[in-house]
Amino acid sequence: RQKPDREEIKENIAEMKGDYPGIFTWLMPFNSRSEAWWLHQWASFDCLFMMFLGMALFKLGFFTNKLRTSTYALFLLMGYGIGMPVGWVQFQGELTETADLGAYLDRYRIPVDALQDIRRLFLAIGHASLLILVYRSNIMPWLMKALANVGQMAFTNYLMQSIICTLFFYGYGLGYYNNFYFHQVYYVVFAVWVFQLIFSTLWLHYFRFGPFEWLWRSLTYWKKQPMKLGNAAAVSGV
């Protein structure tokens, strides 16, 4: 029953199609408010918990492909078997909250957002188990190799997605902001994924690290690290 403010929408579109300083200024209050709330309310604890969980799974050999296939299959069933139903309950609760707050308060004794971490935990384990099982099956070795390259350049690809999409959508780039229907945005997502799969494979054919990984590593050791694969061999004495 709520209708968007048309004037506010027009103002937002006009600002997002502007230049970089204007967009930066326009987004500053939104970013500072959301990031301050998100970081201090729950994100710090949430991220630390997921990091420690990942470290524990790594130490157990989960991420290094050392467990039995039956164990990964069990993790897959457990992850999706719990994560998906919990996610559906959360989704239905959020729909009820939006449509009828009174009915939501009568039906749910705790906020459905409290289910988010349970859903994320089990679904993440389910996704990881599925990827490892696909890798073990050797069905698509070329795809697994491409994904490994993307993972090796995770920092670069993480930043690259923001760089590509802001240049594509915002006014200081191509200015396609508000030009697509919702489903059409997935075409952009797919195109960025394909580009990063190809780019990461080609880049690591010639270099040891992604560009941002190289920069971060050089800053960490406070020494310029060898970048090209030939230079790395020379440094190691090969």
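- In terms of heavy atoms, Gln184 sits closest to Asn179 at OE1-O, 4.4 Å.
- The CG atom of Leu131 sits 7.0 Å away from atom CG of Leu147, with the distance rounded to the nearest 0.5 Å.
- By the criterion of side-chain heavy atoms lying less than 4.5 angstrom apart, applied directly or through intervening Ile, Leu, Val, Met, Phe, Trp or Tyr residues, Leu167 is grouped together with Met16 in one hydrophobic cluster.
- In this structure the side chain of Val86 never reaches within 4.5 angstrom of the side chain of Gln90, judged on heavy atoms.
- Taking each heavy atom of Val134 and Met140 in turn, the nearest pair found is CG1-CE, 4.3 Å.
- Heavy atoms of other residues, nucleotides or ligands lying less than 6.0 angstrom from CZ of Phe30 number more than 12.
- In this pair, Tyr187 and His183 present their aromatic rings perpendicular. The plane angle is above 60°, beyond the 30 to 60° band.
- Contact detail for Ser218 and Lys224: the closest heavy-atom pair is OG-CA, 3.9 Å.
- Residue Val185 is grouped with residue Phe168 when hydrophobic side chains (ILVMFWY) are merged at heavy-atom distances under 4.5 angstrom, including chains of intermediate members.
- Enclosure of atom OH in Tyr176 is not indicated, since only 12 or fewer non-hydrogen atoms of other residues, nucleotides or ligands lie within 6.0 angstrom.
- Within 6.0 Å of OH in Tyr80 there are more than 12 heavy atoms belonging to other residues, nucleotides or ligands.
- Checked against the 6.0 Å centroid threshold, Phe63 and Phe58 do not count as a close aromatic pair.
- At a threshold of 4.5 Å between side-chain heavy atoms, the hydrophobic network of Ile, Leu, Val, Met, Phe, Trp and Tyr places Trp222 and Phe209 in one connected group.
- In this structure, Asn157 contributes its side chain and Val150 its backbone to a donor-acceptor pair below 3.5 Å.
- Counting heavy atoms of neighbouring residues, nucleotides and ligands inside a 6.0 Å radius, atom CH2 of Trp26 exceeds 12 of them.
- Phe169 places a side-chain heavy atom less than 4.5 Å from the side chain of Phe180.
- The distance between the ring centers of Trp88 and Phe91 falls below 6.0 angstrom.
- Between Tyr172 and Tyr170, the two ring planes are perpendicular [angle over 60°; tilted spans 30° to 60°].
- Note on Leu60 and Phe49: separate hydrophobic clusters, where clusters join Ile, Leu, Val, Met, Phe, Trp and Tyr whose side-chain heavy atoms are under 4.5 Å apart, directly or indirectly.
- Below 30°, between 30° and 60°, or above 60°: for Phe62 and Phe75 the angle between ring planes is above 60°, a perpendicular geometry.
- One N or O on the side chain of Arg136 and one on the backbone of Asn65 form a donor-acceptor pair closer than 3.5 Å.
- For the pair Met50 and Asp117, the minimum side-chain heavy-atom distance is 4.5 Å or more.
- Residue-environment remark: CZ (Phe212) stays at or below the threshold of 12 foreign heavy atoms within 6.0 Å.
- The 12-atom threshold is exceeded at CZ of Phe195, counting heavy atoms of other residues, nucleotides or ligands nearer than 6.0 Å.
- Residues Tyr177 and Asn12 form a side-chain contact, since some pair of their non-hydrogen atoms from C-beta on lies under 4.5 Å apart.
- Between the side chain of Glu213 and the backbone N or O of Arg208, no donor-acceptor pair lies under 3.5 Å.
- Taking all atoms of both residues into account, the shortest heavy-atom contact from Ile125 to Ser129 is O-OG, 2.8 Å.
- If you take CG on Leu57 and CZ on Phe52, they are separated by 13.5 Å, rounding to the nearest 0.5 Å.
- Enclosure of atom CE in Met78 by more than 12 non-hydrogen atoms of other residues, nucleotides or ligands within 6.0 angstrom is indicated.
- Checked by atom type, the side-chain pair Gln196/Gln161 shows a donor-acceptor distance below 3.5 Å.
- Taken from CD in Gln152 to CG in Leu204, the straight-line distance is 4.5 Å, to the nearest 0.5 Å.
- The shortest side-chain heavy-atom distance between Val89 and Pro85 does not fall under the 4.5 Å cut-off.
- Atoms CG and OG, on Leu76 and Ser70 in that order, are 12.5 Å from each other to the nearest 0.5 Å.
- The distance from atom CG of Leu27 to atom OG of Ser32, rounded to the nearest 0.5 Å, is 10.5 Å.
- By the 4.5 Å heavy-atom criterion applied to side chains, Thr69 and Leu133 are counted as neighbours.
- Note that CG of Leu197 is 7.0 Å distant from CG of Leu143, once rounded to the nearest 0.5 Å.
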